[in-house]
Amino acid sequence: MPELPEVETVCRGLSAVMTGERLALVQNHRANLRIALPDGFAARLTGRRVQKLERRAKYILARLDDGLIWLIHLGMSGRMSILPKGHNQPPLSKHDHVVFEMGSGVQVRFNDARRFGLMTFIEGDPDQHPLLKDIGPEPLGGDFTGPVLAAALKGKKTPIKSALLDQTVVAGIGNIYACEALYRAAISPKRSSHLVQGERADKLVAAVKDVLREAIAVGGSTLRDHKQPSGELGYFQHHFAAYDREGGICQVCAAAKHPKSPLIKRMVQAGRSTFYCAVHQR
DNA sequence: ACGAGAACCTGTTTGC
DNA sequence: TGCAAACAGGTTCTCG
C-alpha cells in the first residue's frame with residue numbers, strides 16, 4: 001500500500017502519540033509477517049520509552065530508550081490506527097496482528113491483511129542493517145539531485161519506470177508516484193534509464209520532489225488500505241493526473257490544445273501497471 | 001551481473 | 001447469481 005508520502009504520514013501520526021511515551025503493553029496475535037517477528041518481540045518492547053520516530057525510504061524507525069531501534073515496514077496493506085484512551089475499544093479485527101498500549105492509555109494497532117509488512121529490531125547502526133544498507137538517497141533530501149540520479153541511471157538498460165521503483169536508485173518511490181513523476185516530467189516510462197541524463201534527469205528529480213511534497217501535504221493517497229493513523233483518509237488520489245486514470249483525457253495535452261486530445265493509457269511493466277500519456281511523455 | 005517474472009498472502013473488483 | 005480470473009500502494013528470490 002504505502003509509498004513514501006503514506007509512510008511519512010503514518011510516521012507523523014504515530015510520532016504524535018508515541019514520542020516520549022512508554023510502551024506499557026505489547027501483544028502480538030500473529031507472528032508470521034513477511035519476516036517472522038523476532039523472538040521475545042513483545043517482551044523487548046514492553047516498558048521501553050519511544051524517544052523518536054523517523055522515516056527512511058518506506059521504513060519507520062523508532063528509537064527506544066535502551067538504544068534499540070524498532071523497525072517497521074507496512075508492506076502493501078499495512079495500516080496503523082490510533083485508538084484514543086477509553087474503555088470502549090472496538091474488538092480486534094481479523095488482521096490486527098500487533099497491539100501497543102501506550103503509558104498514556106492510547107492504543108495503537110498494526111493491521112496488515114496481506115502480511116507483506118514486517119517489524120524487527122536493529123542493534124547498532126541502521127545504515128549497516130541488511131534491509132537498509134543498499135537503499136539510495138532520500139528523494140526529498142539535498143542528496144538527491146539531477147546529477148546524482150543521472151549517475152545512478154548510467155549504464156542501466158531497464159525502463160526508467162522500473163528504475164524509479166528500484167530502492168537502490170532512489171528511496172521511497174512506488175508505483176503511484178513513479179507514474180505521476182514521469183507524467184509531470186514528460187518522460188516516457190518506456191525510455192531506457194541510461195537515456196535519462198542531463199536536463200531530463202534534472203526535470204525528473206524536480207517532478208519527484210514536487211509530487212511527493214504535494215502528496216505528503218494532503219496525507220498521502222488512499223486507494224483502499226491507506227489511512228492516516230487518526231483514521232482520516234489521504235487525499236492525494238484526487239490529484240492523480242495519470243495513475244488509475246486509464247481512458248481519461250490527458251490534461252497536459254488538453255491544456256496545450258493538442259489536436260488529438262490523447263487519453264491516458266495503461267500498460268504493464270515488470271508486472272506493475274503503468275499509466276501514461278503516449279503523446280507528451282517522450 | 002542484470003533484468004524479467006514469479007512468489008509471498010488476502011481481499012476486492014471484473015468478466016464470462 | 002456464481003465462480004474464476006485479474007488486480008492491488010512492496011520486496012525478494014529464482015531463472016535465463
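Numbered from 1 within each chain, the chains take letters A, B, ... in sequence-line order.
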A/Arg272 vs B/dG5: side-chain N/O to OP1/OP2 distance below 4.0 Å: no
Any side-chain N or O of A/His95 below 4.0 angstrom from OP1/OP2 of B/dG11? yes
Between C/dG10 atom P and A/Leu33 atom CG, what is the distance in whole Å? 18 Å
Rounded to whole Å, CG of A/Asn111 lies from C1' of B/dT10 at a distance of 11 Å
Looking only at side-chain N and O atoms, does A/Arg34 come under 4.0 Å of OP1 or OP2 in C/dG10? no
Establish, with yes or no, whether the OP1 or OP2 oxygen of B/dG11 is under 4.0 angstrom from a side-chain nitrogen or oxygen of A/Lys94. yes
Starting from C1' on B/dA1, measure out to CG on A/Asp166 and report it in whole angstrom. 13 Å
Could you work out which one of C/dT11, B/dT10, B/dG3 sits closest to the side chain of A/His73? C/dT11
Look at all strands and tell whether A/Pro159 reaches a base, only sugar-phosphate, or nothing, counting heavy atoms closer than 4.0 Å. sugar-phosphate
At 4.0 Å (heavy atoms only), tell me whether A/Ile35 reaches a base, stays on the sugar-phosphate, or touches nothing. nothing
d(CG, A/Leu132; P, C/dG10) in whole Å: 17 Å
Winner on side-chain proximity to A/Leu131, out of C/dG10, B/dG3, C/dT12, is C/dT12
Between A/Glu21 and A/Lys85 (salt bridge meaning N to carboxylate O under 4.0 Å), is one present in this structure? no
Distance check needed: C/dA8 P versus A/Glu246 CD, whole Å only. 10 Å
OP1 or OP2 of C/dG10 versus the side-chain N and O atoms of A/Gln167: is any pair under 4.0 Å? no
Rounded distance in Å - CZ (A/Arg56) to P (C/dT11): 12 Å
Interatomic distance where CG belongs to A/Asp112 and P belongs to B/dG11 [whole Å]: 11 Å
Does a salt bridge link A/Arg56 with A/Glu138, judged by any charged N lying under 4.0 Å from a carboxylate O? yes
Please check the phosphate of B/dG11 (OP1 and OP2 only) for any side-chain N or O of A/Ser77 closer than 4.0 Å. no
Is a side-chain donor-acceptor pair under 3.5 Å present for A/Gln251 with A/Tyr183? no
Counting only heavy atoms not in A/Asp39, do more than 12 sit closer than 6.0 Å to its CG atom? no
Heavy atoms only, 4.0 Å cut-off, all strands: where does A/Gly174 land among base, sugar-phosphate and nothing? sugar-phosphate
Less than 4.0 angstrom between a side-chain N/O of A/Lys157 and OP1 or OP2 of B/dG3, yes or no? no
According to a cutoff of under 5.5 Å between the ring centres and under 30° between the ring planes, does A/Phe116 stack with the base of B/dC8? yes
Any strand is fair game: report the nucleotide pairing with B/dC9 by Watson-Crick or G-U wobble, both distances under 3.5 Å, or none. none
Indicate, with a heavy-atom threshold strictly under 4.0 Å, whether A/Ala270 touches base, sugar-phosphate, or nothing. nothing
Can you tell me the distance, in whole Å, between the CD atom of A/Gln269 and the P atom of C/dC7? 15 Å
Grab the two heavy atoms, one from A/Val169 and one from A/Lys156, that are nearest each other, plus how far apart they are. CG2-CE, 3.6 Å
Start at the 5' end of DNA chain C and walk down; is the nucleotide closest to A/Leu118 or to A/Arg114 reached first? A/Arg114
Aromatic ring proximity, centroids under 6.0 angstrom, A/Phe100 and A/Phe110: no
Do the side-chain N or O atoms of A/Ser273 get closer than 4.0 angstrom to the phosphate oxygens (OP1, OP2) of C/dA8? yes
Taking the minimum atom-to-atom distance to the side chain of A/Lys58, which one of C/dG10, C/dA8, B/dA4 wins? C/dG10
